[in-house]
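In this text, all values refer to a predicted model and were calculated from it rather than measured experimentally. Chain A is the first sequence line, chain B the second, and so forth, proteins listed ahead of strands; every chain is numbered from 1. Any value given below was found using the heavy atoms of this structure, including those in side chains, with hydrogens, waters and symmetry copies removed.
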Number of protein chains: 2
Amino acid sequence: MAHHFSPIKFDDNGHIRDSVFSILRNAILDKKLEPGQRLVERTIAEQMGISRTPVREAINKLILERLVTHIPRKGVVVSGFTKADIVEILFIRTSLEALICSIAANKIKPRELKRLESLAKQISDEHGKGNLKKSNQLNDKFHEIIYRSAESPRVYSFLNTLHEYISKFTQVAYSKPGRPEEVWVEHNAIIEALRKHDSSAAEVAAKSHAENSCKAYLEMAFLADDIKP
Amino acid sequence: MAHHFSPIKFDDNGHIRDSVFSILRNAILDKKLEPGQRLVERTIAEQMGISRTPVREAINKLILERLVTHIPRKGVVVSGFTKADIVEILFIRTSLEALICSIAANKIKPRELKRLESLAKQISDEHGKGNLKKSNQLNDKFHEIIYRSAESPRVYSFLNTLHEYISKFTQVAYSKPGRPEEVWVEHNAIIEALRKHDSSAAEVAAKSHAENSCKAYLEMAFLADDIKP
DNA sequence: TTTTGGAATATGGTATACCAAAAACCTTGC
DNA sequence: GCAAGGTTTTTGGTATACCATATTCCAAAA
């Protein structure tokens, strides 16, 4: 049924609207708020013990991120994620990862390449040891380094947003037999392309890597079928 | 110097914040507000004869679109477009056009294909006649049809946002010798791939088309050098 | 019983008020 | 004249008040 929000804690020095935004965002991604459910400014504000203003601003941001939908003369409702939505998001990520990697190939510094090499090895190790959580964290770092080295703020922030969605989907750590080895090979292909500053090769390698991890995820997800159609 | 905003007209039945958003957005894209200039809520609200609230909401949306930057304890300032920004935006568009086209290949209907063929022909005609404005309009429609047929709301709306930026840059109609013929060939390559529902081919064709038009624009723009470095 | 008119309510949009923090400015002592 | 410190102003963040519209529900009349 309807989710109840706790009064907000004012400990943090950040802005209330940001706290509200995170809370609502997580509630939606964690499915504590069901799709179709209405978000009523006044109610949320009262439950959190704050005024409507920061709630409004948080909701506006959610609308921009398409996590909720504004229906005129109705209010905002939580928008559900269909399979098609997830596939679309994964496609976008694939596309932008390829882009950012091709850009990075022209800008990456030796220091960053060293770091990537080291991370790829660690990822492989941890993955091999079955330490999926750690391996995922390192994997995020791996991609983060590439993202940063491209110095493309728009692609960067967009990818990060997408990544948060995706990591919510994939929160259940998964592992497909043989995937760790593939990942190792794919990461090295990316590093190799970056080292040669070959942007086309980097693009191809990143795309292929993203597509494979996408495929691996979809197989898992739709076998598990924990996503509503 | 400082730009002065006129009192808002309440004729339209839409929301004030949307009017404010458009006004500010256009002012920035049309360079009526110079980069670095501060946007002060109270001032704008007074000039427009409205309260701060809708101005705030409009500014928040501008921040999300990166047209202005929020500097903590400083306020929001108009963010300038550097060459790097423009290149980044063009790259993103290229990447997403390729994506949406590859998706469209799996979903496009015969009716839409017919429409594309007819448009490609018209575009070529108008372009040949030197009627650049008309040709650009038709070109927009051409891409719009592809966008829609992909049924990918996120990519679609993102591309539209990007497109608005880009069309502001390219408002000065431009034409490169030989480009009309190339466009005709490229459009037909896209149509052909879509007809065969060959998503890889569609992706390649769209990417190549976007890259070429991007290249043509950059050559023009940076010869003209009407963009600040 | 059904329909219709209207009042009560719910809700979002906008305006205004208040507050804290930072910046700018002014005062005062040297 | 200049620097240090305090005071005023500016500005954004938040709270609250007000308003318009749409929905709901109830009552009265056909």
For this session: Measure across L99(B) and S102(B) and return the closest heavy-atom pair with its distance rounded to 0.1 Å.
Result: O-OG, 2.8 Å
Exercise. Got a salt bridge between E88(A) and R154(B), using NZ or NE/NH1/NH2 to carboxylate O under 4.0 Å?
Worked result: yes
For this session: Check step by step if salt bridge (Lys or Arg N to Asp or Glu O under 4.0 Å) holds for K207(A) and E211(A).
Result: CA-CA 6 Å; K207(A) 186 164 181 239; E211(A) 275 171 353; 3.6 Å; yes
Exercise. Any idea which of dG12(C), dA15(C), dT14(D) is nearest the R52(B) side chain?
Worked result: dT14(D)
Exercise. Using a cut-off of 4.0 Å on non-hydrogen atoms, how would the nucleic acid contact of I59(A) be classed: base, sugar-phosphate, or nothing?
Worked result: nothing
Problem set entry | Euclidean distance, atom CD of residue E57(A) to atom P of dG13(C) [Å, nearest integer] | 13 Å
Exercise. How do T53(B) and L39(B) order along DNA chain D: which one's closest nucleotide is nearer the 5' end?
Worked result: L39(B)
Exercise. Between dA15(D) and S51(A), is there an OP1 or OP2 to side-chain N/O distance shorter than 4.0 Å?
Worked result: yes
Exercise. So which nucleotide from dG12(D), dT14(C), dG13(C) ends up closest to the side chain of V40(B)?
Worked result: dG12(D)
Problem set entry | Residue F142(A) excluded, over 12 heavy atoms near CZ under 6.0 Å | yes
Exercise. Can you tell me how far P of dA15(D) sits from CD1 of I50(A), to the nearest Å?
Worked result: 6 Å
For this session: Would you mind telling me which residue lines up with the more 5' stretch of DNA chain C, R42(B) or P54(B), judged by nearest nucleotide?
Result: P54(B)
For this session: Taking salt bridge (charged side-chain N to carboxylate O under 4.0 Å, His left out) as the test, write out the residues that go with E151(B), two or more places apart.
Result: none
Exercise. Distance check: side-chain N/O of R56(A) vs OP1/OP2 of dG13(C), anything under 4.0 Å?
Worked result: yes
For this session: Provide, to the nearest angstrom, the distance between the CD atom belonging to E41(B) and the C1' atom belonging to dA17(C).
Result: 15 Å
Exercise. Taking the side chain of R38(A) as its heavy atoms from C-beta onward, which of dT14(D), dT11(C), dG13(C) lies nearest to it?
Worked result: dT11(C)
Exercise. What integer distance in Å separates H70(A):NE2 from dG13(C):C1'?
Worked result: 10 Å
For this session: Compute the bend angle of the helix from dT1(C)-dA30(D) to dC30(C)-dG1(D) from the end axes (five pairs per end), rounded to 10°.
Result: 20°
Exercise. Checking salt bridge (Lys or Arg N to Asp or Glu O under 4.0 Å) for the pair R148(A)/E112(A): CA distance, chi angles, key distance, verdict?
Worked result: CA-CA 10 Å; R148(A) 282 194 187 283; E112(A) 292 158 337; over 6 Å; no
Exercise. Just how far, in rounded Å, is C1' of dG13(C) from NE2 of H15(B)?
Worked result: 6 Å
Problem set entry | For atom CD1 of I71(B) and atom P of dA22(C), their distance in whole Å | 16 Å
Seminar exercise, completed: Between CG of D18(A) and P of dG12(D) the distance, given in whole Å, is 16 Å
Problem set entry | K141(A), NZ atom: more than 12 neighbouring heavy atoms under 6.0 Å | no
For this session: Starting at atom CG of N60(A), determine the distance to atom P of dG13(C), rounded to an integer number of angstrom.
Result: 8 Å
